[in-house]
Asker: 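Please find one structure pasted underneath; my questions will follow.
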Amino acid sequence: MKLNITQKLIIAFIIISLLPYAVISYSNYSAEKDAIENKVFDVLSALAEAKSTHISTVVNFRIAQVREVSTSNFMQEIESKNTSNINFNLLRVKKEIPEFFEISALDINGTVIASTESGQIGKSHAEEELFKNAGKNVYIGGIEYYDNRTGYTISSPVLKRDTGKFIGVIAVRVYPRLIYDVTGDYTGLGESGESLLVQRRGNEVVFLNPLRHNATAALRLSYPLDSEIAIPAILAAEGGKGTIKALDYRGKEVFSAYTYIPVIDWGLVVKIDSSEALIPVNKFRTRAIALGIFYFAVVMALAYLFGKRYTAPIRRLSDASKKVAKGDLTVRIEPESRDEIGELAQSFDVMVKRLREFYERLEQKVEERTRDLNRKNLELAALIKTIQSISSGFDLNKILEIAVKEAVRTVNVPYCSIVLVEEGKDYGTVASEYSRAKLKPSLGEILYLNDCPTLNEAFREKRYVLVADARKAGLSPREREIAEKLDMRSILVVPLVLGEKTLGTMQLSSLGETKEFTKEEINICQTIANQVAIAIENAHLFSELKRHDKTLETLFEIDRVVSQSLFLDELLKAAIDKSIEVTSSDAGWVYLLQEDGETLTLEASRGISEELVQAAKKLKVGQGVSGLAVNSGKPVTMDIENYPYPRLLPLMMKNSITSLVGVPLMAKGKTIGALVLSSSRHRVFSKDDIDVLSSIGSQIGVAFENARLYSELRRHSETMEILFEIDRVVSQSLDIEEIFREALAKTLQMLSLDAGGIYLLEDETRLKLKTLMGASEAFAGVVSEIPVGVGVAGTAVQNKMPVVTDIDHYPSRELLPFLEKEGLVTLIGVPLMAKGRVVGAMNLANRRRRVFSKEDIDILASIGSQIGVAIENARLYQESKAALEKLQAAYEELKSLDRMKSEFLSNVSHELKTPLVSIRGYGELLYDEKLGALPQAQKSALEAIIRNADRLTRLINSLLFLSVQQMGKPEIKMKPKPQDIDEIITASIADMKVQAERKNISVEKDVSRQLMVMGDKDRLTEVFMNLIDNAIKFSYHGGKINIKAREEDDNVHVTVTDTGIGIPENVLPFLFQRFYQADASITRKYGGTGLGLYICKSIVDAHNGNIWIESKVGKGTTVHVLLPQLKSRAA
Amino acid sequence: MAKIMVVDDEPDTVDLIKLVLETEGFEVVAAYSGKECLEKLEVEKPALVLLDIMMPEMDGWEVMHKIKEKYEDLPVAILTVRDQDIDKMLGLHVLKADDYITKPFGRKELVDRVRKMVES
């Protein structure tokens, strides 16, 4: 708990002032309590003493009264037994003393002879204390009930007056009124006090008088001696005397005094409840507490006031310092007192004041610095901008313009200029200038360094030069002239330095008034100057690069053009155009070297007259510029004056050709021609121009090569296309007529031929026309059949190779007129080959003359083979198709027959079985005597009926299996999903339970957990049902089947083991065959289709598993099933 | 005792099953066709249906399908002369019949299996 100073002070006050009060009050209270307790005990003791004395007195008084009666005259008559007189007198006494409620006179034998209660007369008290003890002296008995009244007995001997002889006894029952008066007097006992009379009787203490809190206590209330309560009563009854604070009979704490009254053997207790007795003490305590509270309140108030008085200034100080800590320096504390706290407040004020002053100064400084920094930042930003704009451009003039402008702005001077000095020169040019004032520009002015020593110094020494005031400084005349022209005063000259070189100077100056250049400004200027130097260099480099770039671009462009265009004409034209453009020429042309290596032919031209083109169509190597270039293999340049080929000269002049340049065109290291450009001006084609042209030349060469390759390729691909097309056509169809038509049409189309036909070899000597295209019907009639060796087709068949001819060299005279009539000029015969044999021929013809290359003929041969193979295929197909159709029909018939048979069998078995149901069922009902008791002979007969019905059922079943036999391998349709093998085995066992129970066979399962396989649940269940079914079938009554599944390598290994009849070793290999049962008799005995294991194996196989059987005859069989395990993802 | 509906187009078979089951204390209702079966189900509310497969017009598979569509929890046992594996598979695993009993049946077997189904 955190307390502030006021709270602490208050607590201290309270502790200091309240503690003594509490101690004193408590000791007072204890003393008072003791005193009061003692007083109570004293009062009680006194009361007890008084009451016991009183009671003793009462008892003694009663004894005296009895004694008086016993000595009275009439009692003497006991001896004479004058009972009437005694009675009379006894009644008189009773009347006198009402408390004596029964007075009896006893004779020496203890017999009542006279009594106030006539009922008592005649009773004997001989054995009672009152008689026995009264023989000699007075006897006092305890308080008892007598006729519903409490009373005690006093008996006294009656003695003969003269002799003193014992003649009888007088017994009196006394009502203890006086005693009860004493105990019922509560004087001095407050509200709760009581007096108790008690007597010990055996192990109990009996209460004798009615009590304040219990009016019926007399003789009714008793407590054992060892009771936890009624302690004073017990002490009193035991004869003790004293005082005690203890629990009374009610269990309440009481103050009590107890004493013993010996004369009657009673104990007396006088007590008062401690709660009442201590009322004065409690009052005292209450008073003390009330006083304490009052005292506490006063102390609190005082402590609070004092605390506040003394802590308030401290609190104020504390609050103030908190404010100061938060940054509020306006805090001030008014000193209220002159004590130490007041001083503290004063020094705090002083301290805060100082702090405030310090902060103010600091703020001022910070402000200054911030201003400074902002300014610098702006400057820096400007500088950066300047530098950026300077170094990002390549346009020199623009860069210099920016540089001077920014220098003026940044350094805040009215004038700036830049002078550039070219390398190795002794003069500079004003390259850029900027001023805020309107001035006569000096741009382009030339300054000789020797005339300007200030500039020169900065330039040569590579350092800035400062002229404080131009009016006063010793400037050279030239410098003075410049300065005065503008009224320059303070001048700063910084060199433009780049590495080892100085490129010029930058001048800044004030106009009209002097200015002090600060160190920073000089630095900035130097920085700008350096950037300008770099930018100048960059600009130089850039312009150079740009030149290079332009060249490269051109080359690239030509490259692009020449590689794009594969057609030579186009290519050459594009190359010439480009070359003209690049070299700024007026005209250009290309010659190509012919195969003879001597002739050059003009292939393309631009910018020259048709006349010249015609004239210059052919050149010899060595003639003209092209001829020279081709001859030398090097570029040639010349002016028209030196033109070496006079024949073309006039035409050249006419075309205003003045200058010429020619470069050889090269391809694969060989010269293939020349490119020539001409200009109408006198000019020198530079080295660059020639380089570019040489590049173009080799590009053209490459393109030329490309074009050649391309046309070759194109031809090749066309060929492939034809072959492919024909192949597609012939393989698409097996209809031979269609193949002929399509193949011929395609071939004609591809080879751009006009007519054609296809012949098939009928026998060894004749060809028969199958299809004809592009020729008249009449012609078709003529050539419908030709002998081998006649015409191109016949010749091709004979030679087993294509024949190409024109009408002039046609080999067969007899057909010539018809060919001429049809206008067929070029004729081709192609043999159709299949498996090395000629099967026919294809004729092709064109109405225009046409030359076929060797490649063309190769293609034709290929086409021939294609068609030949297709023909062969088609023929084979035609042959087989007929056979197939026959087979198909037979198969369909068989299939329907089979279906009919299956249906028939299925229906027959149903029809046969239905009556069997009734026969067997009723038979069994009778046999089981469900329809009345039967003699044994009838039962035997019924048993035979049932047995034979079963046999018939099995027979019908077998019949059904035969129909099933028609099935092929069962198609296992699966829906594979992850399966828990345990679930499948459990389901299988459940399904087979009835069968097992019927033979009292126990099926046990021992399967590892979490064995997963991928498979079809129903199918796998079928497998295990089958296996279990078999195991049951082949087990003896009461046998055992054990199914176990374990993980084994990556498989799940399931075994189904029975203790059945077993399988002979020699049949094990055949078990998985369809319809196999180890012994034909087995079927009869055990039933079953013989299909079970076959189906199992099919299913297991479909699961990529394995199934096998181990068995021993007489011992049993184990079927093993191995299925690939499906590993869970977690594993 | 539980009420069982026997569905078979063969009156002799129905009578036989009726006799067998009634001597064991079952109450038996007969239906001689699939159609009759479906009509009577609503009124009779049997505890089990014994269903033949090979019946004219509507065969047992179809009846089974219709019963299961409407009375999902009503147990149906197939009682048929077809004892081929493929039929058993179809009945027990595809159509989810509660049992598959082949005819001719053993009296005790029929009674046992019927009792089992009715009790479960």
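Throughout, a chain's letter reflects where its sequence line sits, starting with A, and its residues are numbered from 1. All values reported here derive from a predicted model rather than from experimental measurement.
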Asker: Counting only heavy atoms not in A/K939, do more than 12 fall under 6.0 Å of its NZ?
Answerer: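 Above 12, so yes.
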Asker: Heavy-atom distance under 4.5 Å to chain A: side chain of B/K116, backbone, both or neither?
Answerer: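 Only the side chain of B/K116 comes within 4.5 Å of chain A.
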Asker: Please check if the number of heavy atoms outside A/K1040 that lie under 6.0 Å from its NZ is greater than 12.
Answerer: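 Counting neighbours around NZ of A/K1040, 12 or fewer heavy atoms of other residues, nucleotides or ligands fall under 6.0 Å, so no.
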Asker: Sort A/L931 into side chain, backbone, both or neither according to what part of it lies under 4.5 angstrom from a heavy atom of chain B.
Answerer: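 A/L931 touches chain B through side-chain heavy atoms alone.
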Asker: Chain A contacts: which residues in residues 27-36 of chain B have a non-hydrogen atom closer than 4.5 Å to it?
Answerer: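 Interface residues of residues 27-36 of chain B: none, nothing closer than 4.5 Å to chain A.
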Asker: Report, by ascending residue number, the residues of residues 918-930 of chain A in heavy-atom contact with chain B at a distance under 4.5 Å; give 'none' if the set is empty.
Answerer: A/S918, A/R920, A/G921, A/Y922, A/E924, A/L925, A/D928, A/K930
Asker: Tell me whether the count of non-hydrogen atoms from other residues, nucleotides or ligands lying under 6.0 Å of NE2 in A/H1120 goes above 12.
Answerer: yes
Asker: Assess whether atom NZ of B/K3 is packed by more than 12 heavy atoms of other residues, nucleotides or ligands within 6.0 Å.
Answerer: yes
Asker: If I measure from the heavy atoms of chain A, does B/T23 come under 4.5 Å with its side chain, its backbone, both, or neither?
Answerer: side chain
Asker: Checking B/D15 against chain A: side chain, backbone, both or neither under 4.5 Å from a heavy atom?
Answerer: both
Asker: May I ask you to check whether over 12 heavy atoms, not counting those of B/K45, lie within 6.0 Å of atom NZ?
Answerer: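 Check passes, neighbour count above 12.
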Asker: Do B/K103 and A/K913 touch side chain to side chain, with heavy atoms closer than 4.5 Å?
Answerer: no
